[in-house]
Amino acid sequence: MIDIRLVRDDAARVQAALGRRGIDAAEVEGLAELDRQVRAAARRRDDLRAEVKALSRQVAEARRAGDDARAAELTGASRAVGEQQAAADREAEVVAEELRSRLLVLPNLPAPDAPDGLGPEDNVVVRTWPEVPPTYGDAQRVPHWEVGAALGILDMERGAKLSGSMFPLYRGMGARLLRALTAFALDHHADAFEEVRPPTLVRTETMQSTGHLPKFVDEAYHLERDDLWAIPTAEVPLTSMLRGDLLEEASLPVRLTAATACFRREAGSAGRDTRGLLRVHEFDKVELFAYSTEAQAPALLGDMVQRAESLLAELGLHYRVLDLCTGDLGLSAARTFDLEVYAPGVDQWLEVSSVSWCTDYQARRASIRYRPTDGGGPVLVHTLNGSALAWARIWAALVETGRRSDGSVVLPEALAPYLGGTTVITPPA
RNA sequence: GGAGGGAUGGCAGAGCGGACGAAUGCACGGCUCUUGAAAAGCCGCGAGACCUCGGUCUCCGUGGGUUCGAAUCCCACUCCCUCCGCCA
């Protein structure tokens with residue numbers, strides 16, 4: 001969530017910034033008004049509370065002095081004020097809760113240099129690689145679900161038999177390819193990012209820190225019996241790894257990478273992209289994550305985008321980088337770059353990475369701070385996250401891009417060490 | 001799953017109804033001594049909110065309760081540790 005003091009001290013600035021995301025100025029004005037009520041109520045409660053404490057101290061003094069009559073009198077007075085205080089307490093709690101819940105669903109302020117826009121159509125393509133688009137032959141114009149079925153490496157039917165549609169089942173070299181991609185990416189980031197394997201089932205508080213709850217309940221799988229949530233991305237456990245911690249500035253940035261399964265109900269997109277691997281309920285992903293100071297954040301954002309890009313380049317995929325406009329930013333993000341690969345078989349650009357800078361929006365919910373080396377008070381960290389990369393769609397793009405006229409698929413040389421030396425998948429005899 | 005023990009500041013750890021936001025140690029910051037460093041000594045040092053900048057309030061795992069007054073007593077929950085059982 002954003003800092004309520006920003007609303008209080010400079011509502012105009014918040015209105016301008018959130019206006020770029022399509023938030024009505026009246027919403028911000030409403031928050032400012034609520035904030036005034038919260039502070040007034042807290043003040044009333046605190047004053048009464050101070051009175052109770054003062055009277056209680058006098059009770060103790062009277063007792064020590066052996067003046068029981070005086071003590072009884074003060075006890076009665078304190079009880080009366082205590083009742084008022086309890087009422088003021090409840091009032092203050094009600095308005096504070098109202099403010100908190102409104103603040104919880106209010107999005108982050110966009111970075112000044114994020115492009116303006118209302119929706120996906122306004123995102124800015126900042127570069128495409130290779131600059132001259134490759135040409136594709138007829139052999140590559142076959143959708144990956146057909147290629148996968150013909151080669152026996154993707155079995156959507158049996159996946160559906162086990163779990164329903166949009167739960168892929170990979171076989172043979174198809175499964176091995178996923179394992180290779182994960183190892184390839186983790187090794188790629190090992191120079192600067194600590195490898196982590198977090199749990200994939202998490203508590204409600206953990207989902208709240210990232211902003212995935214309460215706003216996106218319908219998107220997440222929930223295990224009712226144990227009240228645990230299946231993570232939609234490793235960003236969720238990684239953000240909460242240091243929840244509540246007070247770090248030393250010298251330990252920043254903390255950089256983490258994790259390979260996990262990701263689970264998404266895709267409730268809002270029923271019927272769209274339902275074929276093959278374009279949109280699935282479960283997929284594997286390697287995530288990059290960083291906790292940093294405000295000053296370190298821009299360079300880290302650039303580095304994380306660069307890491308995702310270099311993986312795509314090494315995989316020989318045709319990709320483009322999008323600077324997301326204010327209208328398409330996620331709830332927690334101030335700035336986001338999406339990476340899309342071109343999949344010739346389905347003739348579509350597929351989002352395979354999203355690298356975001358969340359400023360202190362998530363850290364405020366999760367209370368993650370550092371003590372500055374110059375001796376000042378604790379400061380909230382900035383969080384950054386990005387996929388590098390999400391494999392289901394990469395798998396699709398690789399299989400379509402690598403397909404040859406005899407039906408076999410050639411995979412990039414970079415993966416050879418992870419595929420037991422082979423880079424060719426041939427049809428079953 | 002069963003039986004016990006525990007959760008207090010950045011860390012360790014005392015306190016178990018009244019001047020306790022909390023002893024002490026470590027860590028950290030400043031100073032003295034020293035050619036410099038170490039050692040020693042002195043001083044300072046939790047976090048958050050509000051604010052008339054003097055103060056007020058909140059926070060001792062979480063949520064309830066008892067009380068004039070709760071870190072301290074009661075109840076529930078969560079987590080951690082030890083032992084037993086089960087298990088990849």
Side-chain angles (χ1 to χ4, degrees), chain A residues 1-9 31-101 103-104 197-209 213 223-229 237 240-252 254 291 293 360 363-381:
Chain A
M1 57 188 129
I2 67 164
D3 189 347
I4 185 63
R5 279 174 294 193
L6 228 48
V7 174
R8 189 143 75 218
D9 300 340
L31 287 172
E33 173 52 31
L34 251 181
D35 175 52
R36 281 188 285 274
Q37 291 174 24
V38 167
R39 279 182 300 151
R43 178 109 194 228
R44 276 194 297 277
R45 182 205 47 212
D46 287 357
D47 288 349
L48 288 166
R49 186 110 186 92
E51 213 175 315
V52 170
K53 287 178 80 165
L55 287 166
S56 292
R57 271 190 292 268
Q58 290 174 39
V59 171
E61 277 166 33
R63 282 270 174 79
R64 255 193 301 276
D67 188 346
D68 287 347
R70 172 86 179 132
E73 188 186 320
L74 287 164
T75 298
S78 179
R79 185 184 288 129
V81 180
E83 275 160 25
Q84 291 179 52
Q85 184 259 317
D89 202 5
R90 280 189 293 275
E91 263 173 60
E93 193 46 49
V94 169
V95 274
E97 183 47 43
E98 169 67 14
L99 178 62
R100 191 163 36 240
S101 61
L103 226 37
L104 227 43
R197 180 36 254 244
T200 41
L201 297 178
V202 300
R203 300 168 183 284
T204 300
E205 307 92 273
T206 304
M207 288 286 277
Q208 275 171 350
S209 300
L213 286 180
L223 281 74
E224 201 170 332
R225 187 186 171 104
D226 298 291
D227 194 19
L228 289 169
W229 303 81
S240 282
M241 227 173 96
L242 301 185
R243 188 170 66 211
D245 282 10
L246 182 51
L247 313 168
E248 293 300 332
E249 182 173 357
S251 70
L252 296 173
V254 173
Y291 298 93
T293 65
D360 59 8
R364 184 167 293 106
R365 291 185 182 198
S367 180
I368 307 167
R369 298 162 302 164
Y370 68 90
R371 209 187 282 285
T373 357
D374 67 18
V379 177
L380 291 167
V381 301

Output row for RNA chain B, stems defined as at least 3 consecutive Watson-Crick or G-U pairs under 3.5 Å, is B:1-7 with B:78-84, B:10-12 with B:24-26, B:28-32 with B:40-44, B:46-50 with B:55-59, B:61-65 with B:73-77
Taking N or O atoms only and anything under 3.5 Å, show me the protein contacts with nucleotides 71-73 of chain B, one pair per line.
none

Just so I know, are the side chains of A:V254 and A:L252 near enough to count as touching, which here means a heavy-atom distance under 4.5 Å? yes
Which value, in whole Å, describes the distance between the C1' atoms of nucleotides B:C26 and B:A14? 15 Å
Which pair of heavy atoms, one from A:P372 and one from A:V379, lies closest together, and at what distance? CG-CG2, 3.8 Å
Can you tell me how far P in B:G5 sits from the matching atom in B:C59, rounded to whole Å? 28 Å
Whole angstrom value for the distance that separates P of B:G18 from CG of A:L55: 19 Å
Rounded distance [0.5 Å steps], CG in A:L228 versus OG1 in A:T200: 10.0 Å
Just the rounded figure in Å: distance from C1' of B:A49 to CG of A:L99. 13 Å
Considering only the P atoms, how many Å lie between B:A23 and B:C45, rounded to the nearest integer? 11 Å
Please name the pair of heavy atoms, one in A:I368 and one in A:G244, separated by the smallest distance, quoted to 0.1 Å. CG1-N, 4.2 Å
Tell me, for nucleotides 51-67 of chain B in 5' to 3' order, what letter each nucleotide earns: B for a base near a protein heavy atom under 4.0 Å, S for only sugar-phosphate near one, - for neither? SB---SSS---------
Only counting residues at least two apart or in another chain, list the ones meeting ring-ring contact (aromatic ring centres under 6.0 Å, His included) with A:Y370. none
Do the side chain of A:R364 and the main chain of A:L380 share a donor and acceptor less than 3.5 angstrom apart? no
Quick one: list whatever passes side-chain hydrogen bond (donor to acceptor under 3.5 Å, both in side chains) with A:R369, sequence neighbours left out. none
So CG of A:L99 and CD1 of A:I4: to nearest 0.5 Å the spacing works out to 4.5 Å
Flag the pair A:R5 and A:D9 as a salt bridge only when some basic side-chain nitrogen lies within less than 4.0 angstrom of an acidic carboxylate oxygen. no
The correct set of residues in residues 82-93 of chain A placing a heavy atom under 4.0 Å from RNA chain B is none
How long is the straight-line distance from CD of A:E97 back to CG of A:L104, given to the nearest 0.5 Å? 9.0 Å
Contacts table for residues 41-56 of chain A: side-chain donor-acceptor under 3.5 angstrom, sequence neighbours left out:
from	atom 1	to	atom 2	distance (Å)
A:S56	OG	A:V52	O	3.0

Heavy-atom closest pair, residues A:S240 and A:S209: OG-OG, 3.4 Å
By side-chain hydrogen bond (donor to acceptor under 3.5 Å, both in side chains), which residues pair with A:S367, not counting sequence neighbours? none
Side-chain donor-acceptor pairs under 3.5 Å in residues 62-80 of chain A, sequence neighbours left out?
from	atom 1	to	atom 2	distance (Å)
A:D67	OD1	A:R70	N	3.1
A:T75	OG1	A:A71	O	2.8

Can you check the A:R364 CZ to B:G48 C1' distance for me, whole Å? 13 Å
Close residues, residues 241-249 of chain A, relative to RNA chain B [heavy-atom separation under 4.0 Å]: A:L246
Please give the distance between the C1' atoms of B:C33 and B:A39 as a whole number of Å. 11 Å
Let me know, please, whether A:R369 or A:E61 comes out on the 5' side of the other along RNA chain B by nearest nucleotide. A:E61
Taken in chain and number order and not counting sequence neighbours, the residues that satisfy side-chain hydrogen bond (donor to acceptor under 3.5 Å, both in side chains) with A:E205 are none
What's the spacing between A:R100 CZ and A:R365 CZ if we round to 0.5 Å? 12.5 Å
Distance, C1' atom - from B:A71 to B:G21, rounded to whole angstrom: 10 Å
Report yes if some heavy atom in the side chain of A:V7 is under 4.5 Å from a heavy atom in the side chain of A:D35; otherwise report no. no
Classify A:R5 by what it touches in the nucleic acid, base, sugar-phosphate, or nothing, heavy-atom distance under 4.0 Å. sugar-phosphate
Measure the CE-OG1 distance between A:M241 and A:T206 for me, rounded to the nearest 0.5 Å. 12.5 Å
Rounded P spacing from B:G55 to B:A22 in Å: 15 Å
Figure out the CZ/C1' separation between A:R64 and B:G17, and round it to whole Å. 13 Å
Which value, in whole Å, describes the distance between the C1' atoms of nucleotides B:G4 and B:U8? 22 Å
With rounding to whole Å, what would you report as the distance between B:G61 and B:G85 at their P atoms? 33 Å
Give, for atom CD of A:E98 and atom CG of A:L103, the distance between the pair rounded to the nearest 0.5 Å. 11.0 Å
Report, one pair per line, the protein and nucleotides 76-80 of chain B atoms (nitrogen or oxygen only) whose separation is under 3.5 Å.
from	atom 1	to	atom 2	distance (Å)
B:C79	OP1	A:R203	NH2	3.4

